[in-house]
Amino acid sequence: MLQTSNYSLVLFLQFLLLFYDLFVNSFSELLRTAPAVQLVLFIIQDIAILFNVIIVFLMFFNTFVFQAGLVNLLFHKFKATILLSATYLALSISFHVWVMNLRWRDSSHFVWTEGLQTLFVFQRLVAVLYCYFYKRTAVHLGDPVFYQDSLWLRKEFAQFRG
């Protein structure tokens, strides 16, 4: 079972990584004249997104629901978060690679192609959804119903078997 102190630490780490992601999304364009710094920020951002996904899956594995064999129930309940996390990671990596390829050679010019602008808009839109669903999932996984046997879990198990 997830202890309250452990959950608080995990939740703090998740929110810290989300805050870093928000920070890089907000202020990375100010560093376009320093491509090496921007590259490091982008790499850390992608790693932070990956760590957040890993943390959610570790929290899934720690639940009584998962240990009872109802993996499909967890994945169905948190499908939006899982899909948005994967999509956001792919869009972020794509945007970072594209922008660094354009700016690495000549960082003094402000270069935005139509495709890069489109990718930028989609990446930022998905970032908003990712933050919302990820925070919701992180808080929802703190619910004790996921870490102990309950009537809700028995009904879900009976519905799954029947």
Side-chain angles (χ1 to χ4, degrees), residues 1-67 70-104 107 110 112 115-148 152:
M1 182 165 171
L2 192 64
Q3 303 294 327
T4 305
S5 61
N6 292 345
Y7 175 70
S8 299
L9 180 64
V10 169
L11 193 63
F12 175 75
L13 178 62
Q14 288 174 309
F15 285 172
L16 182 68
L17 292 171
L18 277 177
F19 176 76
Y20 178 79
D21 183 60
L22 178 65
F23 175 79
V24 172
N25 279 345
S26 300
F27 299 111
S28 66
E29 288 303 308
L30 299 175
L31 297 169
R32 70 175 154 70
T33 57
V37 174
Q38 198 174 31
L39 176 64
V40 170
L41 289 176
F42 285 160
I43 290 172
I44 294 171
Q45 181 184 19
D46 294 338
I47 291 171
I49 296 167
L50 191 60
F51 278 175
N52 264 342
V53 171
I54 291 170
I55 290 170
V56 163
F57 277 104
L58 288 175
M59 288 180 75
F60 285 165
F61 300 153
N62 196 33
T63 63
F64 186 80
V65 177
F66 184 88
Q67 294 168 1
L70 294 173
V71 179
N72 284 341
L73 175 66
L74 278 177
F75 286 136
H76 179 71
K77 196 164 192 62
F78 300 109
K79 180 175 30 176
T81 302
I82 295 167
L83 293 175
L84 276 169
S85 296
T87 304
Y88 180 57
L89 180 61
L91 285 172
S92 292
I93 291 172
S94 301
F95 174 72
H96 296 156
V97 167
W98 196 342
V99 82
M100 291 312 298
N101 276 333
L102 288 176
R103 294 188 183 158
W104 194 264
S107 61
F110 192 71
W112 280 92
L116 183 61
Q117 278 185 320
T118 304
L119 182 59
F120 176 82
V121 168
F122 281 125
Q123 191 256 356
R124 293 307 199 259
L125 286 174
V126 173
V128 172
L129 295 172
Y130 163 76
C131 284
Y132 170 75
F133 279 97
Y134 190 88
K135 278 178 39 180
R136 191 185 78 172
T137 297
V139 171
H140 200 73
L141 280 172
D143 190 355
V145 75
F146 290 108
Y147 299 95
Q148 58 195 2
W152 167 80

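Numbering starts at 1 and runs along the sequence shown.
- Here CG of Leu50 is found 7.5 Å from CD1 of Ile93. Values are rounded to the nearest 0.5 Å.
- When side chains are defined from C-beta on, Cys131 does not count as touching Leu22, because their heavy atoms never get closer than 4.5 Å.
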Leu39 and Trp104: CA distance, side-chain angles, deciding distance, side-chain contact (heavy atoms from CB on, under 4.5 Å) verdict: CA-CA 9 Å; Leu39 176 64; Trp104 194 264; 4.1 Å; yes

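- Between Arg124 and Phe95, some side-chain heavy-atom pair lies under the 4.5 Å cut-off.
- Tested against Tyr130 for a side-chain contact (heavy atoms from CB on, under 4.5 Å), the candidates Ile49, Leu91, Leu125, Thr87 yield a single pass: Ile49.
- Between the side chain of Gln38 and the main chain of Met100, no donor-acceptor pair closer than 3.5 Å is present.
- Put simply, the side chain of Ser92 never gets that close to the backbone of Asp46: no donor and acceptor are under 3.5 Å apart.
- Put simply, the side chain of Ile47 reaches to within 4.5 Å of the side chain of Phe51, judged on heavy atoms.
- Counted by atom type alone, Tyr88 and Asp21 present one or more donor-acceptor pairs between their side chains at under 3.5 Å.
- The structure places NZ of Lys79 at 13.5 Å from CG of Leu74, a figure rounded to the nearest 0.5 Å.
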Carefully, step by step, assess Leu141 and Tyr147 under the rule side-chain contact (heavy atoms from CB on, under 4.5 Å). CA-CA 9 Å; Leu141 280 172; Tyr147 299 95; 4.2 Å; yes

Might you work through the side-chain contact (heavy atoms from CB on, under 4.5 Å) test for Met59 and Tyr7, ending with a clear yes or no? CA-CA 9 Å; Met59 288 180 75; Tyr7 175 70; 3.8 Å; yes

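- For the atom pair NE2 (His96) and CG (Leu119), the distance works out to 9.5 Å, reported to the nearest 0.5 Å.
- Under the 4.5 Å side-chain criterion, counting only non-hydrogen atoms from C-beta, Val53 is not in contact with Tyr134.
- Between Leu58 and Val10 there is no side-chain heavy-atom pair separated by less than 4.5 Å.
- The shortest distance between side-chain heavy atoms of Phe146 and His140 falls below 4.5 Å.
- Judged purely by atom type and a 3.5 angstrom limit, Tyr20 uses its side chain to pair as donor or acceptor with the backbone of Leu41.
- Between Phe61 and Phe57, the ring planes lie tilted relative to each other; the angle falls in the 30° to 60° range.
- Counting heavy-atom neighbours within 6.0 Å of Phe75 CZ, excluding the residue itself, gives a total above 12.
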Let's go through Ile44 and Val24 carefully: what are the C-alpha distance in whole Å and the side-chain angles of both, what is the deciding distance for side-chain contact (heavy atoms from CB on, under 4.5 Å) to 0.1 Å, and is it a yes or a no? CA-CA 9 Å; Ile44 294 171; Val24 172; over 6 Å; no

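- More than 12 non-hydrogen atoms from other residues, nucleotides or ligands lie less than 6.0 angstrom from CZ of Phe66.
- Between Gln123 and Asn25, the closest side-chain pair of non-hydrogen atoms falls below 4.5 Å.
- Counting only heavy atoms from C-beta outward, the side chains of Val56 and Phe78 never approach each other to under 4.5 Å.
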